[in-house]
Each structure stands twice: as C-alpha cells, then as structure tokens.
Amino acid sequence: MDKIELKNGEQSVTFVKNKNWTYSPEWFWEGDTPMLRFKDHEFLNIGFLRIKEGNLIRKEKNKILFGGNVKFEKANVEWSVEIKKIENESGFYIKTKFKPIDFSIEILEGMSFFETPYEYDDQSEILTIISQQPVYYYKNGNEISGAGFKHPFWYYARFGSAHLTGPCFTPLVVNKISNNNGTNPRYTLIIGNWEETTIKDIFVHPTRKNEKKLKGIKFLVGTINWNCSLYKDPNILIEKGKEITQSIIIDFKKDLKDDRLDQLLIEGWERCLKIHFPKNDITSYKIAKEKGISWLNSSKYLIKEFWKKTGIYNPEKGVRVYLKGTRPKWDDGVSLFCGQWISPLSYVGYVWEKEEIIKKSEELEKKFCKGRAPIKDATQTWTIGPTPMYLGAIRKGMFLKCLPETMEIVEKYVKKRTEFILNPPKKIKKGDGGVLVWDAFLSFISFYIFKDEYFKKAGKEIIDKSNKILDEKFWNFNCAAEGDFVGAGQARPFGHAVGISSNILAFEIFKREKYLLYSEKFANYLLSLHFITYNGSPVKDIDTRGWANGSTGGRDQYAQMPPWETEYSLQQLSYLILKDKRKEGFYDLLYLHSHTGFAQFPVARIFKRIYDLNMKIKYVKVEDLITEKQFYQRHPYISYENPWDQTMLAGYQSVEPLILSLFYGDGIVVSLNDKILTLIPQAPVYDRNIINEFIVELWNPFNKPIETRLIANIIDENKCSYYYNGIVNGLLTPKNKFTEKFIVPQREIVRIVFKKKKLDEKIS
C-alpha cells in the first residue's frame, strides 16, 4: 500500500494512496502507536457529504495540501485540507476550508472532525477540559465531575459529552482516555486559532461503539455539527462565494512525565495565548492612554478617597462594599472590609516614604478592630469567609508594626480559625480546597509575625490537606463551603493562586522541595484553567485577554471574574518569579492585564453593556445615559464588580490597583515604551527591603527588539537618588529621572538593579 508521511519528531501523520490516484487520511502516530485519525478516515464533511478522498495538490518538506471540488446536490463546493509540521514544537497544524461556488447551501455538518482509536469500554476513564473550564471526569461508568448544563433538546447527546453553550474565549481542549486501570492512555491536546476559524464552538464526546463494543473519543473544534446547536433547528447557511475555515493544532502523547497533567495544560494554554497575542496595539489600551489613565493615577485616586466622605470610605463606619445607586442592596460602610485595605495602603506609604498614608492605614486598623468579633468571625465560611480581610490587616506586620489591638485580634482569629478548619463541627459545612489555602497562607504569615510555633504547625497541616485535594480534584478549588452553589463544584482562580503563595511560604519555612513543586502545579492550573487567551469582545473599549474567566459551572465562558479575584491572583505569580520559577506565559499574561485591566474603571469606558426590555444585549454610549453619569462616572477609578457586565461599583473590588501600581512599575520605575512590560516582583510579596534595593524586570512579548528607557516616578514621591546597574548603568536624581536608552530583545527577560543612594554617599 502506497503512503505518504509527514513527520515531526516521534510523531507522524500518514495518507494512503488509492487506485484512482487520490489519497485518504490514515492515522496520526506516536512511534508505531496510532493516536488519532480524521473521523472515519474522512478529510472533512460538507453537509451529508463525507469526503474520504482528495487530490494531492502540493507536498513539501513540512506540509501537505489536499483538495478537490465536489457536488453538493447542484452546488459546486471547493475544499482543501492543509497539514503542516509545527517548527520547534510538537503536533500538527491543520487548516480546513470549503466554499460553495454558485449557490448558497444549508448544512448540518461541516469541517474536519477527529477521533481516537476505538479501544475502550464503558468502564474507561475519561477526563475532558474544554475552554479551560468546566472539567468533565468519568470513571467506572460514573460521573465524578459533570456538566453544569445539559441541553434539554438533544436526545442523542451521549453519556460523557462535554459541550460549551456559547462561543468560548480560550479554544483549548485537553482530553485523557485510558482503561479503568490506567493502561493504554492517550492524551490529546487541540488548540483552535480563533482568528482563522469561522465557527467558534467546541464539543467533545465518546464515539459510538464498534462491533467489539469498544469506543473512543471524538473531537469537534471549530466545526459545524447538529449536536452543537443552541436551538432546535441547527441548519447553518453558507452563502455563495463565502469561504469558511477551521484552523487548529492537533497534538497527542502516549504518556505524561510524572503523570503531570498540569504540565500538559500549561503547555497548551501558553501556545493558545501566543496564537492570539495582539500583533499591534491593544485598542482598549490606546483608548485608556488617550484619556490619561494609568495604574499610578488610579492608585493616587484611591488613596485620596480616604480623605473624603462620599466615595468608598465612610470615616464613621468603614469601607463601603457597594456604592449607592449601583446595586439594589448597598451599604454605608463595613468595618470588616477596612482590613482588606490596611496592608496595600500602608505598603504604598512605606515605599513612597509618605508618613501621612501610613497614619491613614492606622486609622483603618482602628476601624477594623472596633467592629471585630474574632471568635465569631472565625466560624464563618460564606464563600471564602473573613480570612482575606484578616490577612490584609496583619500582612502590614511584614514591613511595619501593626497596632497592638490588630495583633491581638488577628492572633485570636487565626487560632480559632485553625481549630474550626481542622476540626469543624459536625453540622457545619467544611471549607473546600480554596478555603484551606487561604487559611494556610494566613497561618504562615502569622508565624512570621508572631513567631509562634503553633502557626507554623497549623499552616503545615492545612497546606498538606489542600495539596492532597489538588492531587485528587484539581478542579475543585472553589473558595467556598463544600457543595456551595458558587462555581457549581468547579474552581475559582483565588484558590489556585493562593495555593502558589501558601506553598512558597511552606517551602521557605520547611525547606522541602515538595512545596516548591506544588506551588508550580498551582500556578499551572491557575493560568490554564482561568485566564482567557482570545479577545472575544464585540466592542473596542474592552479586551478580554488578561482576565480570569473564573468558574462557569458549564454555562459559558462569558463569566469573567471580578477585578479583585483576577488581580490578586495575578500577583501571586511574583512568588514563583522571585524563586526563578518562571514561564513565558507569566509575562505574556501580565503584559495583557497591565494593558487591559483598565476596563474595570468607569473612566475607561466608552460603551455600556446593557440589556434592553427584550433581554437582548445592547452597547450604548455612556454619554447617552444620565444614570451612568450620576452613579458611575462620578467615581472614575472605583471598579465595576465585573468589567464585562459594567454593573455595581464595589469598594472591595477596587483595592488591587494600589499594589499593581508598584508591581507594574508605574509608582516606582517604569518603561517609557508601553510595548515593554515592567515588573517589580518584590511589591506583591510586601518585601521590606524594596525601599533600599529593587530589581526591575522587563519583558518584550513581540518578535522584534524594542528600544526604551525607564523613568523613576518614585523620585517624585521620596526625592531620593538611585544607582541603576544592568543592561545600562547610571544614576537617577530628582533632576534626572530617566535612564539611558537601551534595547530589550524579543521574549527575553532583562533585569536592572536599582539601589538607593545614601544621603552621605559621594557620587563616584
């Protein structure tokens, strides 16, 4: 039998020559093991036409192109399928096209489908991740983690199907299928290029059984299929002369090193992010920049709020959780929520050497303490519970002294909280893995501050429990009571993110490598399960890349998480960066968020996403809405609770720009060329030494070198001078805040060290 083959390392794809000189697809191989095939060895479907043969149009060293012209009833339809080796990466790029030439047609199916060999019975283990979340997991014929949504119309959906109910923002599929005992595993990774794909849908489900009663898994990524329809009548119109395309990467493995599914996930996510990375300027960032919006300006605005009475702070009661007019149930200040602001606010004052800001944080401490009942608070598990607020209060002790009353209240809380978490009363719901990592984090921070072995021991017991949950149910870090409706049993980014920092602290305290390994696992799951890679926004003033999609519970991928959860989660990556455990994806994602995160502010918005009376989404210019001016625009830098929905201005969602203004460099040292990401990883960990010495990391995510220079905005605040040393060297002073020009190479981290000049130090 004559064949042609395209190889990529140990992987290959083969095509069989037919008697009529056409070719048919055979298998994708790893070594001599068949891993996948075009469904039923067909190149593609067009309606009911199953195209099993094609002409060899062109064969080159790294790619093969097949195609032809078929009759769909009376319509002439041109088609082609290109298969290309991917340079320096595993897998194959596949691009499918077809176009009706002389008539418009309606079809039920179209494009290329793929499937594994039929080698598995009903007791097989199947794990599917589509568009990051949700996770579908089946074993021994039982559903362990299932769909939060099951379509009522379709009788033919099979047990084990995984389907989104709306176009997704991260076209990534990861699937494992194996025998019940773990033998004969196949791992499949499919990445869609949504910039080049017409139908943005994903559907994964078991195949029918063959004559041996065995089955496989079928993958539909960027296809037309009647099972994918959201409506009863799924016919799709393809207009005359209009070409539709499907562009995907297919990759596969027989096994994973150390059974590290998280490594496969992060590999696919990073590749998906690179495919959809903006080639030029981000439109929403240009809009924000033209309006003079920056992280530094947002931080300064938020600081000034604490000298006012009408914004997020009520000096009599505390921080306002929701502002009047932006939510049916609003408040006039809650003392507990002051805790969230204490450490970020005082740290900005510490870095800028502003005593008045530090004094204001003490006012918040007193307000926080006055309303606290730590023993009662410690038994609360509404979503996460009060732990983030207590953590926000006590972290100040890492770089400055907390007030004695703060120390006393937090110590009581943590000891009672530990007892509650480790030995919960029988009739009270236990916190899930996400709750545990927050409490482990608080225990370790308390150990550093109180120097009490109790907190060290408690933190270890809690983090070991949470790491065990990660191994057993990595998708179940919902940051709530077990079984809570929030997240439908899936994860929220908070849980995986705080798992990073908790494990890094455990590593620093106990010096055991396993904690460093778990911190990397948590980071891999954080990025690959939560952060969107494709900009699916229909309006120009928001780019959804850089936002966590959060838990969708099987609904869709439009449910981006709030600013607090997105931005606090992103900051935890700094713990790994400081341990030299970096990934390119960290920097690409931080670049995107540093440019798109302004969408959380009313001042950045041109359009309002709103529903009409028919419950259809409309985009209305904010200048046309008097309510927008009265309720939202009057608070320009108070964050929307959800940047996509643009509803509810929330004080507790607004705190993160304080640290982000330092982390992204605006409030310390920043690149003047905004195509360069500036990072100061010491800021999110509240490093005490940052006022004497800090390292600036620069990242150029584009494919060409970029020239820039840095400006030291911190000098405007503390009036100090700084030596800098790295790719360029020199001295910055109040009279000259700019470094020399230099080149940042593409996709390579550049570090420059800044040291504060002592008052009596002579300039050499």
Side-chain angles (χ1 to χ4, degrees), residues 1-8 10-73 75-86 91-101 105 107-119 186 188 190 207-212 214-225 243-252:
M1 184 184 296
D2 288 339
K3 295 183 184 180
I4 56 175
E5 179 183 52
L6 185 63
K7 289 184 68 67
N8 188 2
E10 288 295 308
Q11 297 175 325
S12 62
V13 56
T14 54
F15 301 88
V16 177
K17 190 174 184 180
N18 302 309
K19 291 181 180 179
N20 60 358
W21 298 93
T22 62
Y23 285 85
S24 298
E26 192 186 34
W27 288 100
F28 292 88
W29 305 81
E30 184 174 356
D32 57 1
T33 303
M35 298 295 292
L36 285 169
R37 66 178 181 181
F38 284 86
K39 179 185 72 69
D40 295 330
H41 302 297
E42 302 161 357
F43 277 112
L44 77 160
N45 289 3
I46 301 174
F48 58 81
L49 287 181
R50 299 186 170 191
I51 300 176
K52 294 179 179 252
E53 300 177 349
N55 298 319
L56 176 60
I57 296 174
R58 186 164 57 252
K59 184 181 187 304
E60 300 174 11
K61 180 181 178 181
N62 292 328
K63 68 179 179 181
I64 305 174
L65 179 65
F66 299 96
N69 189 299
V70 295
K71 281 278 189 181
F72 184 69
E73 293 301 316
N76 290 306
V77 181
E78 290 180 352
W79 69 272
S80 67
V81 175
E82 179 184 63
I83 304 94
K84 185 164 61 174
K85 169 186 172 181
I86 302 173
F92 296 92
Y93 164 91
I94 298 167
K95 190 161 191 175
T96 301
K97 301 178 182 179
F98 77 80
K99 178 171 64 176
I101 302 302
I105 60 176
I107 62 175
L108 283 167
E109 285 191 330
M111 314 314 283
S112 297
F113 306 160
F114 302 88
E115 60 191 0
T116 68
Y118 291 31
E119 296 179 1
R186 283 182 172 86
T188 304
I190 303 179
T207 65
R208 293 183 175 88
K209 295 176 185 175
N210 64 11
E211 65 280 359
K212 297 180 181 180
L214 298 176
K215 63 186 179 182
I217 292 288
K218 183 158 68 174
F219 303 98
L220 295 75
V221 179
T223 66
I224 299 167
N225 183 265
E243 181 177 76
I244 68 169
T245 61
Q246 172 197 20
S247 180
I248 61 175
I249 289 172
I250 294 275
D251 204 349
F252 41 86

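Model, not experiment: these values are computed from the prediction.
- Remark: the backbone N or O of Gly91 is paired with a side-chain donor or acceptor of Asn8 at under 3.5 angstrom.
- Side-chain contact between Arg50 and Lys39 is present, with heavy atoms from C-beta onward closer than 4.5 Å.
- Taking both residues in full, the closest heavy atoms of Asn62 and Leu6 are given as C-CD1, 3.6 Å, listed atom of the first, atom of the second, then distance.
- Within a 6.0 Å sphere centred on NZ of Lys71, heavy atoms belonging to other residues, nucleotides or ligands number more than 12.
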What do the steps show when you test Met111 against Asn45 for side chain to side chain contact (heavy atoms under 4.5 Å, CB included), and what is the final call?
CA-CA 6 Å; Met111 314 314 283; Asn45 289 3; over 6 Å; no
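- Remark: Trp29 CH2 to Leu36 CG distance equals 12.0 Å, nearest 0.5 Å.
- Contact check for Ile224 versus Ile244: side-chain heavy atoms found under the 4.5 Å cut-off.
- Going from atom CD1 of Ile4 over to atom CZ of Phe15 covers 6.5 Å, rounded to the nearest 0.5 Å.
- The nearest pair of heavy atoms linking Glu53 to Asn18 is CG-ND2, 3.5 Å.
- Of all heavy-atom pairs between Ile83 and Val13, the closest is CG2-CG1, 3.9 Å.
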Take Glu73 and Phe48, measure what side chain to side chain contact (heavy atoms under 4.5 Å, CB included) needs, and give me the verdict at the end.
CA-CA 10 Å; Glu73 293 301 316; Phe48 58 81; 3.6 Å; yes
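- Counting only heavy atoms from C-beta outward, the side chains of Glu5 and Ser12 approach each other to under 4.5 Å.
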Go through the steps to decide whether Thr223 and Gln246 satisfy the test side chain to side chain contact (heavy atoms under 4.5 Å, CB included), and finish with yes or no.
CA-CA 7 Å; Thr223 66; Gln246 172 197 20; 3.5 Å; yes
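- In this structure a side-chain-to-backbone donor-acceptor pair under 3.5 Å is missing from Ser24 to Val16.
- For the atom pair OG1 (Thr116) and CD1 (Ile217), the distance works out to 6.0 Å, reported to the nearest 0.5 Å.
- Applying the ring-ring contact (aromatic ring centres under 6.0 Å, His included) criterion to Phe98, with sequence neighbours excluded, gives no partner residue.
- Looking at heavy atoms from C-beta onward, Phe66 lies out of side-chain contact with Ile57 at the 4.5 angstrom threshold.
- Between Ala75 and Ile105, the shortest heavy-atom contact is CB-CG2, 3.6 Å.
- Put simply, the side chain of Glu115 never gets that close to the backbone of Gly216: no donor and acceptor are under 3.5 Å apart.
- Here the closest non-hydrogen pair linking Pro34 and Pro117 is O-CG, 3.5 Å.
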Passes side chain to side chain contact (heavy atoms under 4.5 Å, CB included), Thr33 versus Arg186? Steps please.
CA-CA 10 Å; Thr33 303; Arg186 283 182 172 86; 3.9 Å; yes
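- Considering only heavy atoms from C-beta on, Phe114 stays 4.5 Å or farther from Thr188 through its side chain.
- Side-chain atoms of Asn210 and Lys215 include no donor-acceptor pair closer than 3.5 Å.
- When all heavy atoms are compared, the tightest approach of Phe92 to Phe252 is CE1-CZ, 4.2 Å.
- Glu60 CD: more than 12 foreign heavy atoms inside a 6.0 Å radius.
- Evaluation of the side chain to side chain donor-acceptor pair (under 3.5 Å) rule for Trp27 yields no partner, not counting sequence neighbours.
- Under a cut-off of 6.0 angstrom, the local environment of CG in Asn20 is crowded, with over 12 non-hydrogen atoms contributed by other residues, nucleotides or ligands.
- Proximity of Glu82 to Ile64: side-chain heavy atoms (C-beta onward) are nowhere separated by under 4.5 Å.
- At a threshold of 4.5 Å between non-hydrogen side-chain atoms, the residues Thr22 and Lys52 do not count as touching.
- Paired with Phe38 under the rule ring pair (Phe, Tyr, Trp, His ring centres under 6.0 Å), one option of Tyr23, Phe28, Phe219 passes, and it is Phe28.
- The salt bridge (Lys or Arg N to Asp or Glu O under 4.0 Å) test with Glu26 singles out one residue from Arg37, Lys17, Lys3, and that residue is Lys3.
- Distance CG/Leu44 to OG1/Thr96: 6.0 Å, rounded to 0.5 Å.
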